[in-house]
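Worksheet: the structure to be examined is printed underneath.
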2 protein chains.
Amino acid sequence: MVTLAEVARHAGVSASTVSYVLSGKRPISAATRLQVEQSIRELGYHPNAGARALASSRSNIIALMVPLRTDMYVPVMMEIAIAVATTARTHGYDVLLLTGEEGPEAVRRVTGSGLADAMILMDVELDDERLPLLRGTDQPSVLIGLPADTSGLTCVDLDFRATGALCVEHLAMLGHRDIAVIGEAPAVYERHTGFAERTLVGIRSRARELGLRVLHRPCEGGYEAMAAILTRILDERPGTSGFVVQNEQAVEPLLALLRRQGRAVPEDVSVVAICPEQVAVQASVRLTSVSIPAQEMGRQAVERLVAKIDGHATDEVLLIAPELTVRTSTGSAP
Amino acid sequence: MVTLAEVARHAGVSASTVSYVLSGKRPISAATRLQVEQSIRELGYHPNAGARALASSRSNIIALMVPLRTDMYVPVMMEIAIAVATTARTHGYDVLLLTGEEGPEAVRRVTGSGLADAMILMDVELDDERLPLLRGTDQPSVLIGLPADTSGLTCVDLDFRATGALCVEHLAMLGHRDIAVIGEAPAVYERHTGFAERTLVGIRSRARELGLRVLHRPCEGGYEAMAAILTRILDERPGTSGFVVQNEQAVEPLLALLRRQGRAVPEDVSVVAICPEQVAVQASVRLTSVSIPAQEMGRQAVERLVAKIDGHATDEVLLIAPELTVRTSTGSAP
DNA sequence: TTGAAAGCGCTAACAT
DNA sequence: ATGTTAGCGCTTTCAA
């Protein structure tokens with residue numbers, strides 16, 4: 001293994017000079033810099049991560065805590081994780097993958113050991129048990145998602161309240177009066193995941209303002225669950241002509257069932273989805289949708305985290321504005 | 001920050017004693033162990049990861065290189081990644097997430113810096129450019145997937161050749177003579193990803209032995225792509241009565257299109273899928289399938305990697321035997 | 001612009 | 001069964 005000392009010897013300079021060439025923390029003459037860089041290349045030198053971490057008390061690692069729930073839509077999580085990893089690299093950070101399994105304990109382990117300089121938490125619950133620990137440490141962190149109390153926390157998320165409102169407005173504008181919301185799995189609401197509840201709040205309050213009636217039904221996803229729910233909805237509110245779907249697993253089943261019942265989309269029924277763009281585009285009907293900006297969320301989380309690590313202040317909460325893209329699944333109410 | 005020295009002082013023992021209590025690498029009397037453990041708890045001590053890595057030249061980190069392709073089925077990747085992370089934790093390792101973006105360079109960076117003790121590579125291509133680097137280093141590694149030349153490498157994968165054969169056998173036994181294979185996206189074949197090609201080899205060779213005719217069509221997934229391909233297949237071989245699908249994105253479109261054409265599953269047409277169990281079960285028809293053992297692959301990869309780190313020999317290649325589960329999408333040929 | 005040297009917190013011989 | 005101590009490879013003062 002090649003050490004910094006060997007590079008120094010080979011280049012005919014001191015160890016500190018090599019170190020400073022690497023870090024750029026003090027001026028180096030062009031000549032020595034070139035010499036050192038050449039030695040580094042010739043010897044194939046790579047700084048030792050452990051030594052660096054020990055001496056500088058910075059690991060250049062960001063911890064990313066991903067949930068291991070089966071009821072969340074996995075591709076979104078993955079897209080965020082990948083965006084986090086690639087953005088982190090552009091700032092010189094690597095990403096440590098923590099699964100939710102360890103829970104709050106993982107937070108302690110990572111902060112305590114100096115394994116990571118900072119952390120990003122995904123899938124935050126309204127009253128998340130990891131939050132007290134985060135508030136109690138000086139380790140920078142960013143949440144993807146919004147807890148009930150955001151004081152002292154930095155959060156990044158899609159503005160789901162506005163998203164819900166936007167979907168309702170679109171349907172209202174098209175003349176729909178009775179709308180149904182196909183939501184996430186019941187467990188998602190039970191554990192009070194912020195985004196699901198906020199969407200609902202946005203939907204309900206705008207619906208009230210605009211005088212629409214709303215039926216909300218959580219849904220496990222899949223054909224059977226969706227079939228049962230659809231039947232119930234149409235029994236309770238036969239006049240329902242607009243659907244808002246916030247559950248990727250329910251999208252295709254819903255479309256198939258409507259078709260089977262002879263309800264044409266968008267002539268008889270309109271469907272707005274809250275889902276990744278890919279799902280909206282690849283569905284059997286191109287869906288009018290508000291897309292979930294997974295990449296943007298991952299990127300923003302890292303940018304904010306890096307700013308915090310570097311001691312720059314950041315806004316406490318970033319809510320990304322939703323954008324509704326009209327495709328072919330919505331039209332005027334019958 | 002609490003250091004080992006402080007714990008030692010607090011417990012009235014030497015630093016090495018504390019270290020040995022932690023590592024268990026030498027016998028400690030019950031009395032001192034208890035005392036030390038209590039001091040650790042009282043002071044809230046966590047060993048510093050950097051110092052530990054420097055002194056022991058072991059980081060207790062495993063690097064996991066995931067592809068960032070959009071044409072692979074993401075949930076499987078995620079499931080593997082999570083299985084890797086949780087299994088790694090049970091062995092005392094954390095997982096560093098590397099995206100494919102950096103390519104071979106990442107291998108060099110991680111091995112050179114001692115950031116990770118070992119690495120797992122996913123989505124290996126038949127002639128992967130990262131392999132020379134792996135062979136040239138003494139850092140333990142395990143591949144998930146099978147390259148063309150496995151010499152000197154440890155690999156874990158589903159036996160896709162046997163998987164292909166198994167699907168054909170099942171259809172042959174039911175009397176089907178003309179079968180069509182709906183494959184992965186063309187790009188997957190173009191980059192010579194091992195699993196897709198091996199499946200095809202398994203299908204073709206068994207089909208030849210059993211006297212079946214096979215049509216293979218790569219498919220991007222989605223309704224439009226699937227529609228075009230299905231039309232072509234039924235034009236070319238109107239007698240096609242068995243389908244093997246190895247593309248999660250094409251499963252539902254295929255089923256919907258068959259339905260629309262009035263071809264009943266399984267009465268008129270049989271469909272076998274190669275996909276995660278969840279997809280097979282949640283589809284609009286419960287699919288006869290060979291499931292992709294994502295968890296098992298992740299787990300096995302870690303077990304083998306840890307064995308290698310500890311200097312134990314491991315079999316070069318582990319091919320997990322496929323299991324075909326009969327559900328309701330296959331039946332006797334018409 | 002550069003060098004010398006003191007740690008960073010831990011592990012693992014070597015002693016006892 | 002426990003203590004002493006010499007590093008591990010790097011960063012960063014302090015000096016020049």
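What you see is a predicted model; the values in this text were computed from it and never measured. A note on names: the letters A, B, ... follow the listed sequences, proteins ahead of strands, and every chain is numbered from 1.
- Between the side chain of B:Y20 and the base of D:dA1 there is no donor-acceptor pair of N/O atoms closer than 3.5 Å.
- A:R33 places its CZ atom 13 Å from the C1' atom of C:dT2, with the value rounded to the nearest Å.
- Applying the 3.5 Å distance criterion, the base of C:dA4 shares a donor-acceptor pair with the side chain of A:S16.
- A:R9 and A:E6 are not joined by a salt bridge, as no carboxylate oxygen comes within less than 4.0 angstrom of a charged side-chain nitrogen.
- Ranked by how close their nearest DNA chain D nucleotide is to the 5' end, B:P27 and B:A51 are led by B:P27.
- Of the charged side-chain nitrogens involved, at least one lies within less than 4.0 Å of a carboxylate oxygen, so that A:E102 and A:R109 count as a salt-bridged pair.
- Within 3.5 Å, no donor on the side chain of A:S29 pairs with an acceptor on the base of C:dT2, nor the reverse.
- One atom, CD of B:Q35, and another, P of D:dG3, lie 12 Å apart when rounded to the nearest Å.
- Applying the 3.5 Å distance criterion, the base of C:dT1 shares no donor-acceptor pair with the side chain of A:R26.
- Summarising the geometry, the separation between CG on A:N48 and P on C:dG9 is reported as 17 Å, rounded to the nearest angstrom.
- Nucleic acid contact for A:S23: none, since no nucleic acid atom lies under 4.0 Å from a heavy atom of the residue.
- In this structure, the CG atom of B:L4 is 13 Å from the C1' atom of D:dG3, given to the nearest Å.
- Within 6.0 Å of CD in A:E37 there are more than 12 heavy atoms belonging to other residues, nucleotides or ligands.
- What separates CD of B:E6 from C1' of C:dC8 is a distance of 13 Å, to the nearest Å.
- A:S19 comes within contact range of at least one nucleobase, with a heavy-atom separation under 4.0 Å.
- For the side-chain contact (heavy atoms from CB on, under 4.5 Å) with B:L143, the lone residue among B:D157, B:D128, B:L131 that qualifies is B:L131.
- For B:A55, the listed nucleotide lying nearest its side chain is C:dG9; candidates were D:dG9, C:dA4, C:dG9.
- Close to C:dG3, at under 4.0 Å from its OP1 or OP2, lies a side-chain N or O of A:S14.
- Residue side chain A:T17 does not reach the base of C:dG3 through any donor-acceptor N/O pair under 3.5 Å, judged by distance alone.
- Nearest nucleotide to the B:K25 side chain, out of C:dC10, C:dT2, C:dA12: C:dA12.
- Rounded to an integer number of Å, the gap from CE of A:M1 to C1' of D:dG9 is 7 Å.
- Contact check, A:S57 against D:dT11: no side-chain N or O comes under 4.0 Å of OP1 or OP2.
- Heavy atoms of other residues, nucleotides or ligands lying less than 6.0 angstrom from CZ of A:R108 number 12 at most.
- Summarising the geometry, the separation between CG on B:L54 and P on C:dG9 is reported as 12 Å, rounded to the nearest angstrom.
- Nucleotide C:dC10 holds its P atom 21 Å from the CZ atom of A:R52, rounded to whole Å.
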